[in-house]
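First the proteins, then the strands, lettered A, B, ... as listed; each starts at 1.
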Amino acid sequence: MKFSEKVYKITKKIPRGRVSTYGEIAHALNTKAYRAVGSALNKNPYAPIVPCHRVVNSDGKIGGFADGTNKKIKMLEKEGIKVKNNRIVNFDKKFFRLNLIFNYII
DNA sequence: CTAATGACATTTG
DNA sequence: ACAAATGCCATTA
């Protein structure tokens, strides 16, 4: 299985209204290639199915998007995620930890 | 094979 | 808090 396909597979687990990070995805894949994760999502062929817009930077900043960061923000706000000054509001509460089992609590 | 390239992350000034 | 520098690794040329 190619690296990019693993990225898509893990990204699909991020639910509506939550976000995760490139580094977190890499961590879930047991690698440090967070930068390559970004490259993979950039070319994401399963555009709407794989929610690549729910992946942001480790500090809560929006990060990039193939269709433009503005579009990414719009999609996130449609899911109830607020964005201010290019940052996720309440990032710690919206953050989806892919490697933990505690996601269902919040 | 080598080198360049990012939708990044951390550290430093 | 922000910007620059550094390190990073799969992909691509």
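- Summarising the geometry, the separation between CD1 on A/Ile10 and P on B/dA7 is reported as 22 Å, rounded to the nearest angstrom.
- Computed from coordinates, the A/Ile62 CD1 to B/dC8 C1' distance equals 14 Å when rounded to whole Å.
- A/Lys12 places no side-chain N or O within donor-acceptor distance of the main-chain N or O of A/Val7, the cut-off being under 3.5 Å.
- Remark: A/Lys61 engages A/Asn57, A/Asp59, A/Arg87 in a side chain to side chain contact (heavy atoms under 4.5 Å, CB included) (not counting sequence neighbours).
- Between the CG atom of A/Asn85 and the C1' atom of C/dA1 there is a distance of 12 Å, given to the nearest Å.
- Between A/Asn86 atom CG and B/dC8 atom P the separation is 12 Å, expressed in whole Å.
- A sub-4.0 Å separation between OP1 or OP2 of B/dA9 and a side-chain N or O of A/Asn57 is present.
- Clustering of Ile, Leu, Val, Met, Phe, Trp and Tyr by side-chain heavy atoms under 4.5 Å joins A/Met75 with A/Phe65.
- Rounded to whole Å, the distance from CD on A/Glu24 to P on B/dC8 is 16 Å.
- Under a 3.5 Å cut-off, the side chain of A/Lys82 and the backbone N or O of A/Glu77 do not form any donor-acceptor pair.
- With rounding to whole Å, A/Ile73 atom CD1 is found 16 Å from B/dA7 atom P.
- Residue A/Glu79 forms a side chain to side chain donor-acceptor pair (under 3.5 Å) with just one option from A/Lys94, A/Arg54, A/Arg16, and that option is A/Arg54.
- With hydrogens and angles ignored, the 3.5 Å screen pairs a side-chain donor or acceptor of A/Ser20 with a backbone N or O of A/Phe96.
- Atom C1' of nucleotide B/dT10 and atom NE2 of A/His27 are separated by 16 Å, given to the nearest angstrom.
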Worksheet item: What string of B, S and - do you get for nucleotides 6-13 of chain C, 5' to 3', if B is base contact, S is sugar-phosphate-only contact and - is no contact with any protein heavy atom under 4.0 Å?
Response: -BBSSSS-

